[in-house]
Amino acid sequence: MPSRRPEGTASGTSWNQTFSHSMWRANNSVHRALNERLRPLGVTMTQLGIVLTLDQHGPLSGADLARGQNITPQSVTTALAHLERIGWIERHPHPVHRRVVLVEPTEAGLRGMAEGRRLVEAVVERLSDVVGGPEELDRLTLGMRRIAIALDGPDSPVARMWPDPPDVG
């Protein structure tokens, strides 16, 4: 039977063995594992990431959060509504630009964030064991940061939040 592949796309490597498939599958697996671990807190990794960002950078607008997290404004709006419902954030008018609403974590949000970090760290420890230890995990982390910066550009939200990683190796 002749190949059904269009000309110029033949590859000796099956799709599920390629870097792109492996990265995609690992991303999905880690995302699922993190969300499962966070389920007792009633938040997702995206929602926890928003509170972590607010803790790191101080009060921000929803638009700032969307840009900084590289997610849609609609996703931020949904996440903020949930975080406000569970008492993890509060909203206040900007002191100068009254039409801008700033978001900041509450005391309950900071406590939840600390517990969320602990739960995430348990997943990271498991991944560290899987890849061969903390040094290998650090090496992979730097590689993934370089990939994100290379694909999103030096002025991307990802690059602004995570400066160029140091050379490895």
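- Hydrophobic clustering of Ile, Leu, Val, Met, Phe, Trp and Tyr side chains at less than 4.5 Å, counting indirect connections, keeps Trp24 apart from Val30.
- Between Pro134 and Ser128 the shortest heavy-atom distance is N-OG, 3.1 Å.
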**OP:** Please assess Val124 against Leu137 for the test side-chain contact (heavy atoms from CB on, under 4.5 Å), listing each intermediate value before the final yes or no.
**Re:** CA-CA 9 Å; Val124 172; Leu137 188 65; 3.6 Å; yes

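- Here the shortest heavy-atom pairing between Gln47 and Gly42 reads OE1-O, 4.1 Å.
- A side chain to side chain contact (heavy atoms under 4.5 Å, CB included) with Leu52 is found for exactly one of Leu54, Leu48, Ile50, namely Leu48.
- The closest side-chain donor-acceptor pair between Thr141 and Asp138, if any, does not fall under 3.5 angstrom.
- Separation of atoms CE (Met45) and CZ (Arg32) is listed at 15.0 Å; rounding is to 0.5 Å.
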Subject >> Residues Ile71, Val76; criterion side-chain contact (heavy atoms from CB on, under 4.5 Å); working and verdict >> reply: CA-CA 7 Å; Ile71 57 179; Val76 168; 3.6 Å; yes

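- The shortest heavy-atom contact between Ser22 and Asn16 is OG-O, 4.4 Å.
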Subject >> Stepwise side-chain contact (heavy atoms from CB on, under 4.5 Å) check, Leu65 with Leu80 >> reply: CA-CA 10 Å; Leu65 288 164; Leu80 290 176; 4.1 Å; yes

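- Residue pairs satisfying the side chain to side chain donor-acceptor pair (under 3.5 Å) criterion with at least one member in residues 95-108, sequence neighbours excluded, are listed as follows: His92-Glu104.
- The NE2 atom of His82 lies 10.5 Å from the CD1 atom of Ile89; values are rounded to the nearest 0.5 Å.
- Using modelled atom types and a 3.5 Å distance limit, the side chains of Gln69 and Thr53 yield a donor-acceptor pair.
- Listed for the Glu84 side chain is no donor-acceptor partner under 3.5 Å among the backbone atoms of Ala81.
- The hydrophobic cluster containing Val131 does not contain Met144, counting ILVMFWY residues as joined when their side-chain heavy atoms lie under 4.5 angstrom apart, directly or transitively.
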**OP:** With salt bridge (Lys or Arg N to Asp or Glu O under 4.0 Å) as the test, would you mind laying out the steps for Arg118 and Glu115 before giving the verdict?
**Re:** CA-CA 5 Å; Arg118 190 186 66 72; Glu115 178 63 12; 2.5 Å; yes

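- Contact of the Arg139 side chain with the Leu142 side chain is not registered, since no non-hydrogen atoms from C-beta on lie closer than 4.5 Å.
- Scanning for side chain to side chain donor-acceptor pair (under 3.5 Å) contacts around Ser75 gives Thr72, with sequence neighbours left out.
- Of the possible donor and acceptor atoms, one in the side chain of Thr78 sits under 3.5 Å from a partner among the backbone N and O of Gln74.
- There is a side-chain donor-acceptor pair under 3.5 Å between Asn35 and His31.
- A single hydrophobic cluster is not seen to contain both Trp15 and Phe19; linkage of ILVMFWY side chains at heavy-atom distances under 4.5 Å, directly or through other members, places them apart.
- Looking only at side-chain heavy atoms (C-beta outward), Pro105 and Leu83 stay at 4.5 Å or farther from each other.
- For the atom pair CG (Leu140) and CD1 (Ile147), the distance works out to 9.5 Å, reported to the nearest 0.5 Å.
- Within a 6.0 Å sphere centred on CZ of Arg117, other residues, nucleotides and ligands contribute 12 heavy atoms or fewer.
- Under the 4.5 Å side-chain heavy-atom criterion for Ile, Leu, Val, Met, Phe, Trp and Tyr, Ile86 and Leu34 are members of the same hydrophobic cluster.
- Counting heavy atoms from C-beta outward, Glu125 and Asp129 have side chains that stay 4.5 Å or more apart.
- The hydrophobic clustering, which links ILVMFWY residues whose side-chain heavy atoms are closer than 4.5 Å, places Val120 and Met113 together.
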